[in-house]
Amino acid sequence: MQQRNRNKLTRTAQMLLLLLLLLLLFALCGCGGQEAESQTPEDILQTAETMSEKPGFLPDDSLITELYSEEGTYEDAYGTQIEYSWHLPQIVDDSKAARELNARLAADEAQIQSDKKSMQKKEYVIPSQYSWERYWHGSRLFLKLSSESGLWNDYTIVCYDFATQKEVTPSEILAELGVTEQTWRAAAKKAALHYFDKFCTDKIKRRNYYNDGHVIMRARLLSDSYWDDEMQTDIYINDKNELRAILDIPTMAGAGHYYADLPIDLDASKGRNLTVTESFITAELRDGKLSLTFTQNEDSELVFGAIKNPPEYGKTYPVDGICDDYQQMLIGYLGNNINPYLFLLTLDGRVEVVDITSGMQYGYYCSTGPLPKTVKKTGLGMGTVSEGGGAYQTVYALNSKGKKKDLASSVFAMQNAVLLSMTGRDWHTKVTHKTEGGSYTDDYWMEFSDDHSLCIQSAFAEGGLTTTYNGSYDILGMTEDGLVLIWNAKEKGKKKTRYRGVWAVAQLPGLTVTCKAGTDFFDAGEGGQTIFEESFG
């Protein structure tokens, strides 16, 4: 009898347990309940506890002291008075990691002592200035040491976790935020480009914009090879729980680059998904990816009839170089109704352009990057301009007051840019060509001239046979592989153009040529690269 009662109780308990499990499963499946939402990087940053192994840790500035602290004014032998300020921080902890980080922070003391000796001798010297800032995020301390002189600026950033008594690396921080290398690179690149455009693109006059190396510098920022080491860039979290990074910005002056302390937005794109159709062209922007498709009609037959290898109807063609957030797109015509261009307006009010006509002829499409003097625009519109007894079609950028800016001259200036940093120099490389019976090696010399002419010489290394190709180039835009050029060339003495294609070029510090479309002149393969070095003599 007792055994039967125990069996009944056991079965009842099992039934209750099964019922509870079913209720729990019901709730987890979302029926009457909600799943736990995954946290974005921004959510994690705003809660220091999520990145700290010691919840409840209270920041304590007594855990930071100074290794070196001195400031004043010195006078050299010529009576020149120059102020100096030297402050180097230290972490107050005796762990191995703290000692190693303190040694890194103290590395500049040697320069201080060198400057000090020069000052004692009354020699003229521009002393380096050192200052530091501290930021707490949970139990983690970020120290940012700034070094500056009249010639350069530099930063050293360390992160020390008092809970674990270990250094926390940039890679570890990004991993905790759930950020992949690809996401980080895209966010860092966008921050650097916005900074560059704010201080360069938006201020340079159009007549100077393309002649001082600006397009080369901006294309360098877009180049993936420029960002190969950026996963290890110094990063920190400030007192506003904002992720910031020290990014390398190219410049024409001084050492050719400088460092900027910039905020990094890791959230998803704030731009809109857009679709626009004009005649036979449809442009579609989805999740930061832009593409073009073409449909057959009278207009397309007219345009495609003038192209040797026209696009395929219905095929999706990707557009490269799209790296920003956008609010409006417009397909318009410049000059006449057979040269279509795609215009994109960014959230910051800058205008980018895709030369659809040139893209059709070469089978490749990309953005120009922002045109100069187009920041803070609020809209795009089409119109007709009367000039010299005639008229031409154009696209306008509009500001908040309705004032129009004709974009035609800016687009044509981009296409006809003179690239002073790349032209007038001999670029050389060796290419090994594989054949069925083995291989042979060619020497190539290439020169771009400021009149947009192009010269390539090929020398067969084993036989000494030299062939010269002459042609021309124009700018199509900028992508992650660098500045994009459309080119054509023919063998000297021949009338017919034999070779044409698209290259992306980047200077780091030689010339990297990436084959994007058309003739694979250097046997690199589509998407493959050929490295040139400057040739002297």
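Quick note: numbers below take in every heavy atom, side chains included, and nothing from hydrogens, waters or symmetry partners.
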Between Leu221 and Pro250, is any pair of side-chain heavy atoms under 4.5 Å apart?
-> yes
Hey, does Leu407 have a side-chain heavy atom less than 4.5 Å from the side chain of Val351?
-> yes
Would you find a donor on one side and an acceptor on the other, under 3.5 Å apart, between the side chain of Arg272 and the backbone of Leu285?
-> no
Which residues share a salt bridge (charged side-chain N to carboxylate O under 4.0 Å, His left out) with Arg244, sequence neighbours left out = Glu242, Asp261
Residues that Ala245 engages under side-chain contact (heavy atoms from CB on, under 4.5 Å), provided they are two or more places apart | Trp184, Thr233, Ile235, Leu247, Ile264
How long is the span from the CH2 atom in Trp445 to the SG atom in Cys455, to the nearest 0.5 Å?
-> 11.5 Å
Apply side-chain contact (heavy atoms from CB on, under 4.5 Å) to Leu45 and Leu177, showing your working.
-> CA-CA 8 Å; Leu45 282 170; Leu177 292 171; 3.8 Å; yes
Any side-chain hydrogen bond (donor to acceptor under 3.5 Å, both in side chains) involving residues 302-317? Give me the pairs, sequence neighbours left out, ordered by first then second residue.
-> Ser300-Tyr313
Listed by chain and number, what are the side-chain contact (heavy atoms from CB on, under 4.5 Å) partners of Ser146, not counting sequence neighbours?
-> Ser131, Lys144, Tyr155
Are any of the side-chain heavy atoms of Met382 and Leu330 separated by less than 4.5 Å?
-> yes
Starting at CG of Leu454, measure out to CG of Asn488 and round the result to the nearest 0.5 Å.
-> 8.0 Å
Does the distance from a Lys or Arg side-chain N to an Asp or Glu carboxylate O, for Arg425 and Glu447, drop under 4.0 Å?
-> no
Between Asn416 and His452, do the side chains contain an N or O donor and an N or O acceptor separated by less than 3.5 Å?
-> no
Can you pull the side-chain hydrogen bond (donor to acceptor under 3.5 Å, both in side chains) pairs that have at least one residue in residues 374-383, sequence neighbours excluded?
-> none
Please name all residues satisfying salt bridge (charged side-chain N to carboxylate O under 4.0 Å, His left out) with Asp320, sequence neighbours left out, ordered by chain then number.
-> none
For the residue pair Asn339 and Thr357, what are the closest heavy atoms and their distance?
-> CA-OG1, 3.3 Å
Going by atom types only, do Ser449 and Thr423 share a side-chain donor-acceptor pair under 3.5 Å?
-> no
Please name all residues satisfying salt bridge (charged side-chain N to carboxylate O under 4.0 Å, His left out) with Asp481, sequence neighbours left out, ordered by chain then number.
-> Lys516
May I ask you to decide if Ile531's main-chain N or O and Thr429's side chain share a donor-acceptor pair within less than 3.5 Å?
-> yes
Could you tell me how the ring of His433 sits relative to the ring of Tyr444: parallel (under 30°), tilted (30 to 60°) or perpendicular (over 60°)?
-> perpendicular
Please examine the side chains of Arg218 and Val215, heavy atoms only from C-beta on, and report whether any two atoms are closer than 4.5 Å.
-> no
Nearest heavy-atom approach of Tyr365 to Leu292 is CD2-CD1, 3.6 Å
Can you check side-chain contact (heavy atoms from CB on, under 4.5 Å) on Gln415 and Asp355, steps first, answer last?
-> CA-CA 9 Å; Gln415 294 169 331; Asp355 182 349; 2.7 Å; yes
ring-ring contact (aromatic ring centres under 6.0 Å, His included) pairs touching residues 478-516, sequence neighbours excluded, are Tyr469-Tyr499, Trp487-Trp503, Trp487-Phe521, Tyr499-Phe521, Trp503-Phe522
Looking at residues at least two apart in the chain, or sitting in another chain, which of them share a salt bridge (charged side-chain N to carboxylate O under 4.0 Å, His left out) with Glu148?
-> none
Any donor-acceptor pair under 3.5 Å from Thr368 side chain to Gly477 backbone | no
Do Tyr341 and Ile356 have side-chain heavy atoms sitting under 4.5 Å apart?
-> no
Taking it one step at a time, do Thr275 and Arg286 satisfy side-chain hydrogen bond (donor to acceptor under 3.5 Å, both in side chains)?
-> CA-CA 9 Å; Thr275 301; Arg286 288 288 180 274; 3.1 Å; yes
Pair Thr519, Arg498: side-chain N/O donor-acceptor within cut-off below 3.5 Å = no
When rounded to the nearest 0.5 angstrom, what distance separates CD in Gln361 from CZ in Arg500?
-> 6.5 Å
Just wondering, do Ile249 and Phe196 contact through their side chains at under 4.5 Å, heavy atoms?
-> yes
Does a salt bridge link Glu533 with Lys430, judged by any charged N lying under 4.0 Å from a carboxylate O?
-> no
Taking only residues two or more places apart in sequence or in another chain, which ones pass side-chain contact (heavy atoms from CB on, under 4.5 Å) with Ala306?
-> none
Got a donor-acceptor contact below 3.5 angstrom from the Asn273 side chain to the Asp287 backbone?
-> yes
Residue list, ring pair (Phe, Tyr, Trp, His ring centres under 6.0 Å) with Tyr364, at least two apart or on another chain | none
For the residue pair Ala191 and Pro263, what are the closest heavy atoms and their distance?
-> CB-O, 3.7 Å
Out of curiosity, Lys492 NZ to Gln457 CD, how far, rounded to the nearest 0.5 Å?
-> 8.5 Å
Residues in side-chain contact (heavy atoms from CB on, under 4.5 Å) with Lys403, at least two apart?
-> Asn399
Provide the closest heavy-atom pair for Gly363 versus Ala517 in the form atom of the first, atom of the second, distance.
-> O-CB, 4.3 Å
Is Asp43 reaching over with its side chain to a backbone N or O of Thr40, donor-acceptor style, under 3.5 angstrom?
-> yes
Atom pair CD/SG of Glu480 and Cys323 - distance to nearest 0.5 Å = 4.0 Å
Phe412 vs Leu334 side-chain heavy atoms within contact, under 4.5 Å | yes
Can you tell me if Asp348 and Thr346 form a side-chain donor-acceptor pair at under 3.5 Å?
-> no
Backbone N or O of Asp426 within a donor-acceptor pair of the Glu534 side chain at under 3.5 Å?
-> no
Should we say atom CD of Glu526 is surrounded by more than 12 heavy atoms from elsewhere, each under 6.0 Å from it?
-> no
Show your reasoning for whether side-chain contact (heavy atoms from CB on, under 4.5 Å) applies to Val353 and Leu371.
-> CA-CA 8 Å; Val353 185; Leu371 299 175; 3.7 Å; yes
Lys/Arg N to Asp/Glu carboxylate O, Glu352 vs Arg350, below 4.0 Å = no
Distance (rounded to the nearest 0.5 Å) between Glu278 CD and Phe280 CZ | 9.0 Å
Smallest separation among heavy atoms of Ser279 and Asn297, with atom names | OG-ND2, 3.4 Å
State, with a plain yes or no, whether a side-chain heavy atom of Leu485 is found less than 4.5 Å away from one of Asp474.
-> no
Verify, without hydrogens or angle tests, whether Asp520 (side chain) and Gly525 (backbone) share a donor-acceptor contact under 3.5 angstrom.
-> yes
Are side-chain N/O atoms of Asn153 and Ser147 paired as donor and acceptor at under 3.5 Å?
-> no
